[in-house]
Amino acid sequence: MTVAGSLRVVEAGARVYRRTWRGSVISTFLNPILYLLAMGVGLGELVDEGTGGASLDIPYLTFLAPGLLAAAAMQTGAGDAAYPVMAGIKWRKTYEATLATPVSVSELLMGHLGWVTVRLTFVATVFSLIMVLFDATTITEGLAAIPPAVLTGIAFAAMVTAYTANLKDELGIASMFRFAIIPLFLFSGTFFPIEQLPDYLEPLAYITPLWHGVQLCRGFALGTDFTVHPLVSIAYLVALAVLGALLAIRILRKRLIS
Amino acid sequence: MTDSLVSARGLTKHFDELVAVDGIDFDVAEGEAFGFLGPNGAGKSSTMKMIGAVSPLTAGTLEVLGMDPATDGTKIRARLGVVPQDDNLDQELSVYENLLIYGRYFGLSKKVIDERAAELLDFAQLEDRRDSPVEPLSGGMKRRLTIARGLINTPDLLLLDEPTTGLDPQARHLLWDRLYRLKQQGVTLIITTHYMDEAEQLCDRLVIMDKGKIAAEGAPRDLIERYSTREVLELRFPVGTQDVNAERLDGIAKKTEVLPDRVLLYTDDADDAHNRVLAAGFEPESTVSRRSTLEDVFLRLTGRTLVD
C-alpha cells in the first residue's frame, strides 16, 4: 500500500464530489441551522424555563449543540460509507474499474476513508461555525470540537464500510439506519444526559461509539468536565476506526479479488 | 515460447465447489490478437480476471508480461488495459473526467492525460462528447469510452471481455473497426467472446473453451478446416420431423448434425449436396447453404450450440 495510491482515490472522490455536491448542501448547511433553531432555541426555551435549566446548569442550546455536531459527523460518516460503497461494489462497479489499475484494495479503502475525512472536516467546520453564530460556543472552543467530531465520523465510516461491503443488497442499509444510527442519534446523550436513562440502560449508552463522540465534542466545545477521561473515548473511537478499516479491507478483498 | 506476453500452464480456478477453469495451457505472443471462444460459463471471464491480476489462481502457473500476478499484481496492472464485460464507467462524471481519474490511478500527470485523452477521444469518435455526462451515452459509445479508458496508460496488453455483447449490429461493426486498427498498430489483444463471427473477424489465434477446459486451439480458418467441412447445408423440415429426415439423409454428406429446428449437412460443396437432397425426394421447407463457421467447430467438438 502506498500513500500516493490512496491519494489518487481521494482525488477521484473530490472530482466526483465536484459533480454531486449540490445534493449534500442542505444536509451540511441547513440541517444544523434547522436543528439548532427547533430543538436548541424552540425546545430549549421550554427546557430552560422548566426544571431542565436547573439540572443542566447551562442553556439547553449550549448543551445540545456539541451533541448535534457529533451526531452530524456520525450521519455523514455512515451515509458516505453506505450507498456510495454499495454503488462502488455493485451498482456502478467503479471499485472493479479502480482495482483493474495499479490501485490495490487497501489503497482503495484508505482513499475512500481519506475522502470521507475531507468531507467530515468540511461538515464539522461548517457546523462549528454555525454553533458560534448561535452563541452556543466560542470560536476557539468551537474549533477544538472539530477534530473529535471528525474522529467520530471516521469511526462510523470505517465500521459502516465494512458492514456495507458484506451486504448483498441495499435493504441492509435501510435497516442499519433504522435500527442502529437513529437509536444512537436519540439515546447517546445528544438530546439529554444519559443519566436520564433508566439505570439498566445507562451502561449500554457508555459503550455506544456516539456517546464517546458526544462527550468529546461537548467537553471540548464547552470546556466542561468529561464524564470519562477523554483519552479513553479517543482510544475507543480510534480502535473502532482501525478495526473497521481492517475488516473492510478484508471483506472487500474477498468480494472483489475473488 | 520465450517471448510470449502471457503464458499459462495447468491454470485452474475453483469457486468453492465450482470448477471454473480446469487446468488450461496457452501462450499469447506479442502483437497477437488472441481469443477465448465459448458459451457463457465456459471459464473465459475467470481466465481474464486471473490474467488481469485481480483473481488469485487456485492451481497451475501463470506469467503475465514476464511476472507473477500473485506477487507483482501492481506492476502487471500498470501495463494492462482492461475492458470489462459490464461498463463500469463513473456515471457521475463526464467523458473526459472518466479518462482523467483513470489516468490518475496510473499515476499519469494531468498534462500527459490531456494529450492522450485528445487522441483517444478522437480514436473512440467521442471528441464532440468530451464534456457530456456518461449516463445518456448509447451502449456503443459507452463501450468505446471504456476501450479508450483502457488505453489511457498505453498498455502492452489490452484485455477485452465480451467487447460487443449487447450492442446493435452497427455499433458492433464500428467497434470491430476500432479494434482492428489497434491490432494494426501492434497492440496485443486478448478477447473473450461467444460470437464466432467476432472471433473470426478479430482473432489471429483462439482457443475454444467448454466447461473450463480448452477443446481446441488454432487460427480460425485452421480450426474450421480441421473440425468442419468447407461448407454447410442447413435444411429445415416441418416441426418435429428433423430426426426422421436426418436418419434418411445419412450418407449424402460427410457428417449430419440434428438441431431442434433444422438439420445440418457438412459437405465440401453445399450446392451439390442440395441437388442430391432434392433428387432423393426430400422436401425441406427451407434451405440455406453457407460457409462453415466456428459455430460448426464448436458444435462438432461439444455437440452443443454456442449461444442458446
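All figures in this text were calculated on a predicted structure; none of them were measured in a lab. Just so it is clear: chains get the letters A, B, ... in the order the sequence lines come, proteins before strands, and each one is counted from 1. As a basis for the values below, the full set of heavy atoms in this structure was taken, side chains included, without hydrogen atoms, waters or symmetry mates.
- Each of Thr74(B), Leu159(B), Val54(B) has some count of heavy-atom pairs under 4.5 Å with chain A, and the biggest count is that of Val54(B).
- Atom CD of Glu30(B) sits in a sparse spot, with 12 or fewer heavy atoms from other residues, nucleotides or ligands closer than 6.0 Å.
- With a threshold of 4.5 angstrom between heavy atoms, Ser258(A) approaches chain B through its backbone and through its side chain.
- Atom CZ of Phe177(A) is surrounded by more than 12 heavy atoms from other residues, nucleotides or ligands within 6.0 Å.
- Taking every heavy atom of both residues into account, Ile257(A) and Pro56(B) meet most closely at O-CD, 3.7 Å.
- Neither the backbone nor the side chain of Leu7(A) comes within contact range of chain B; no heavy atom of the residue lies under 4.5 Å from a heavy atom of that chain.
- Rounded to the nearest 0.5 Å, atoms CG (Leu89(B)) and NZ (Lys93(A)) are 13.0 Å apart.
- Both the backbone and the side chain of Glu92(B) come within contact range of chain A, with heavy atoms under 4.5 Å apart.
- Within the 4.5 angstrom heavy-atom criterion, no atom of Val105(A) approaches chain B.
- In this structure, Asp90(B) and Thr94(A) have side chains that are in contact, with non-hydrogen atoms separated by less than 4.5 Å.
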Please test Arg92(A) against Asn88(B) for side chain to side chain contact (heavy atoms under 4.5 Å, CB included), starting from the C-alpha separation and ending with a verdict.
CA-CA 6 Å; Arg92(A) 300 198 162 142; Asn88(B) 53 20; over 6 Å; no
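- No more than 12 heavy atoms of other residues, nucleotides or ligands sit less than 6.0 Å from atom NZ of Lys49(B).
- The backbone N or O of Leu99(A) lies less than 3.5 Å from a partner atom in the side chain of Arg77(B), making a donor-acceptor pair.
- With a 6.0 Å radius and a threshold of 12 heavy atoms from other residues, nucleotides or ligands, Tyr180(B) has its OH atom at or below the threshold.
- Between the side chain of Thr101(A) and the backbone N or O of Phe106(B) there is no donor-acceptor pair closer than 3.5 Å.
- Within a 6.0 Å radius of CZ in Arg18(A), other residues, nucleotides and ligands contribute 12 heavy atoms or fewer.
- Taking both residues in full, the closest heavy atoms of Glu96(A) and Pro84(B) are given as OE1-CB, 3.9 Å, listed atom of the first, atom of the second, then distance.
- By the 4.0 Å N-to-carboxylate-O rule, Glu11(A) lies close enough to Arg104(B) to be salt-bridged with it.
- Annotation: Lys183(B), atom NZ; neighbour count of heavy atoms from other residues, nucleotides and ligands within 6.0 Å is above 12.
- Between Leu93(B) and Arg19(A) there is a side-chain heavy-atom pair separated by less than 4.5 Å.
- For Tyr102(B) (side chain) and Thr98(A) (main-chain N/O), no donor-acceptor pair under 3.5 Å exists by modelled atom type.
- Interface remark: Arg79(B) contributes no atoms to any contact with chain A (heavy atom separation under 4.5 Å).
- When the candidates Ile76(B), Asp86(B), Asp87(B) are compared by the number of heavy-atom contacts under 4.5 Å with chain A, Asp86(B) comes out ahead.
- The environment of Leu171(A) atom CG is dense: over 12 non-hydrogen atoms of other residues, nucleotides or ligands sit within 6.0 angstrom.
- For Lys75(B), no part lies near chain A; criterion is any non-hydrogen pair under 4.5 Å.
- More than 12 heavy atoms of other shown residues, nucleotides or ligands fall within 6.0 angstrom of atom CZ in Arg178(B).
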